[in-house]
Amino acid sequence: MDYLSIIRQPIQKELDDFVELFNKALSHSYGLLSQVLDHIRQREGKRMRPILILLIARNFGRINDVTLNAAVGLELLHTASLVHDDVVDESSERRGQASVNAVYDNKVAVLVGDYILSTALLHVSYTHSEVIVRYLSELGQTLSNGEILQLTNIQNEEISEEVYYQVIKQKTAALFAACAAVGAESVHATSEQVNATREFGQNLGIIFQIRDDIFDYFDSKEIGKPTGNDLAEGKLTLPVIYALNTTHDVQMMALASKVKARTIQPEEIAKLVSFTKSNGGIEYAENRMWKFHASCIQFLDKYVTDESTKHSLKAYLDFIIKRDN
C-alpha cells in the first residue's frame, strides 16, 4: 500500500507551499553557509512532522499562513537539533547521508545548527502567536533536556524501562506532540482539542521511536545506520531492556554495562542483539507500540470528523507503526 500518497492527498497543495517556504528558509546566497545548507536540504525526508501539523490544522479548521510558518519553524528546529545531535553523538551519517560534521567539521556543524535554530525562531515570530512561540521555545528546552538525560542515563547503572520512556518523551515524542498541538493551535482549536491532540502526537512519537529502536536489531542499508549502532553509542533501548530485566542473565548484564561504558566490542554487540531477539525483546516492543496505537485510534474516533482527514491520519498512524525504514 502506498501510505504516503494516501497521507498527503488532502493536503498536497499546502504541503507543496510548505516545501517551497522551507527550502527558501534553508537557503543562503553565498559562501560556506550556502554549501552546508544545500547539503542539509538534500536530505528532505518524508516530511512526516509538517504533514502532521497540516493534517491536524485541516481537521480543526483551515490551513493558513500561521500554520505554514509554524510548520517551517518546527521543522527547522528539528533540523537544527539533528545537526547538533550528530556532533554530540560523533555520528558520521544521518539516514544514509554524510552528516554535516563529517563533511565539514564540528565547528561548522554547531554554527550552522545555531543559524538554523535562529531561522526557526524567525519563522514562528511570523505567526504573531505568543502561544506558538512558547511551544517552540519550550520544545527547544525539552529536546536539549532529553539529550542531557540520555547522556546521564548512559552513566547510570540501572537498566530501567521507565527511564527509557522519560528520554523518548523528551525527544522524539515531544516533537510530535508539539507538531500536533501547534497544528490545532494555528486554527484556534479549543483547549480541550489542543490537549487531546498533544497527547495523540506524543503517542505517535513514542510509536515512531520504538519502531526506530527495533530497526537497530536488524540489517538494512535503507535505514541508514548499521545493526547495533545504538548499543555502540551507549544506548540501551526497549527490546534489550525487556530481555535483560526478564532474564537477569549475568553475562548479558555484564555486556550491558560495557554498552553504557562504551567499551563493548562488535562481536559482543552481536551477542547482545541475538540475545534480545531470542528472549522476546522485539515482540515485547512491538506489543507496546500497538498499545499506543490503540490510544491513537481512540483520538481519531473522537476528534476527527472529516472522513478524508481521518483516512489520512489512520494511514499516517499505520505507516509509522509498519514502516521498514
Which value, rounded to the nearest 0.5 Å, describes the distance between [X] atom [atom1] and [Y] atom [atom2]?
| X | Y | atom1 | atom2 | answer |
| --- | --- | --- | --- | --- |
| Gln166 | Lys171 | CD | NZ | 14.0 Å |
| Lys310 | Leu317 | NZ | CG | 12.5 Å |
| Glu185 | Thr190 | CD | OG1 | 10.0 Å |
| Asn64 | Asn69 | CG | CG | 9.5 Å |
| Ile11 | Thr309 | CD1 | OG1 | 9.0 Å |
| Met48 | Arg323 | CE | CZ | 8.5 Å |

Take Gln209 and Asp213 through the side chain to side chain donor-acceptor pair (under 3.5 Å) test and state the conclusion after the steps.
-> CA-CA 6 Å; Gln209 188 59 55; Asp213 291 343; 2.9 Å; yes
Cluster check [X], [Y]: I/L/V/M/F/W/Y, side chain < 4.5 angstrom:
| X | Y | answer |
| --- | --- | --- |
| Leu21 | Val124 | no |
| Val250 | Ile264 | no |
| Val304 | Val182 | no |
| Phe292 | Leu300 | yes |
| Leu26 | Leu33 | yes |

Report yes or no: does [X] contribute a side-chain atom to a donor-acceptor pair with the main-chain N or O of [Y] at less than 3.5 Å?
| X | Y | value |
| --- | --- | --- |
| Asn279 | Phe275 | yes |
| Ser278 | Ser274 | yes |
| Asp17 | Leu68 | no |
| Asp216 | Asp230 | yes |
| Gln170 | Val167 | no |
| Thr197 | Gln193 | yes |
| Lys24 | Val19 | no |
| Arg198 | Ala177 | no |
| Gln265 | Thr263 | yes |
| Ser257 | Met253 | yes |

Does anything in residues 296-325 pair up under ring-ring contact (aromatic ring centres under 6.0 Å, His included), and if so which pairs, sequence neighbours excluded?
->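 Applying ring-ring contact (aromatic ring centres under 6.0 Å, His included) to every pair that reaches into residues 296-325, excluding sequence neighbours, yields Phe200-Phe299, Phe299-Tyr303.
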Which residue pairs pass the ring-ring contact (aromatic ring centres under 6.0 Å, His included) test with at least one member in residues 21-62, sequence neighbours excluded?
->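 Passing the test, one end in residues 21-62: Phe18-Phe22, His28-Tyr30.
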Taking atom types as modelled, is there a side-chain donor on Tyr3 or Arg8 under 3.5 Å from an acceptor on the other?
->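 No.
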Using every non-hydrogen atom in the two residues, find where [X] and [Y] come nearest and quote the distance to one decimal.
| X | Y | result |
| --- | --- | --- |
| Tyr217 | Pro239 | CE1-CG, 3.6 Å |
| Ala109 | Val87 | CB-CG2, 3.5 Å |
| Thr67 | Ile53 | CG2-CG2, 3.9 Å |
| Ser312 | Leu55 | CB-CD2, 3.9 Å |
| Ile7 | Pro10 | O-CD, 3.5 Å |
| Ile214 | Met289 | CD1-CE, 4.0 Å |

List the steps, then state whether side chain to side chain donor-acceptor pair (under 3.5 Å) holds for Glu147 with Ser144.
-> CA-CA 5 Å; Glu147 281 293 325; Ser144 298; over 6 Å; no
Apply the test side chain to side chain contact (heavy atoms under 4.5 Å, CB included) to residues Lys235 and Leu231: give CA-CA distance (whole Å), side-chain angles for both, the deciding distance (0.1 Å), then the verdict.
-> CA-CA 5 Å; Lys235 302 170 189 173; Leu231 297 171; over 6 Å; no
How about Asn245: does its CG atom have over 12 heavy atoms from other parts shown lying under 6.0 Å from it?
->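 It does: Asn245 CG has more than 12 such atoms within range.
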Flag if over 12 foreign heavy atoms under 6.0 Å of CD, Glu162 |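 Open: at most 12 neighbouring heavy atoms sit under 6.0 Å from CD of Glu162.
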For Ser34, the option from Leu32, Asp38, Leu37 that meets side chain to side chain contact (heavy atoms under 4.5 Å, CB included) |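 Only one option passes, and that is Asp38.
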Does a salt bridge link [X] with [Y], judged by any charged N lying under 4.0 Å from a carboxylate O?
| X | Y | answer |
| --- | --- | --- |
| Lys13 | Asp16 | no |
| Arg49 | Glu75 | no |
| Glu130 | Arg134 | yes |

Could you please spell out the steps behind the side chain to side chain contact (heavy atoms under 4.5 Å, CB included) verdict for Tyr164 and Lys169?
-> CA-CA 9 Å; Tyr164 168 80; Lys169 282 180 180 179; over 6 Å; no
Go through the structure and list residues passing salt bridge (charged side-chain N to carboxylate O under 4.0 Å, His left out) with Asp85, not counting sequence neighbours.
->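 With neighbours one apart ignored, the set is empty.
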Does the side chain to side chain contact (heavy atoms under 4.5 Å, CB included) test come out yes or no for Ile282 and Tyr242, once each step is laid out?
-> CA-CA 9 Å; Ile282 305 302; Tyr242 171 82; over 6 Å; no
Determine, step by step, whether Asn101 and Asp105 satisfy the side chain to side chain contact (heavy atoms under 4.5 Å, CB included) criterion, reporting the C-alpha distance in whole Å, the side-chain angles of both residues, the deciding distance to 0.1 Å, and the verdict.
-> CA-CA 4 Å; Asn101 50 299; Asp105 59 34; over 6 Å; no
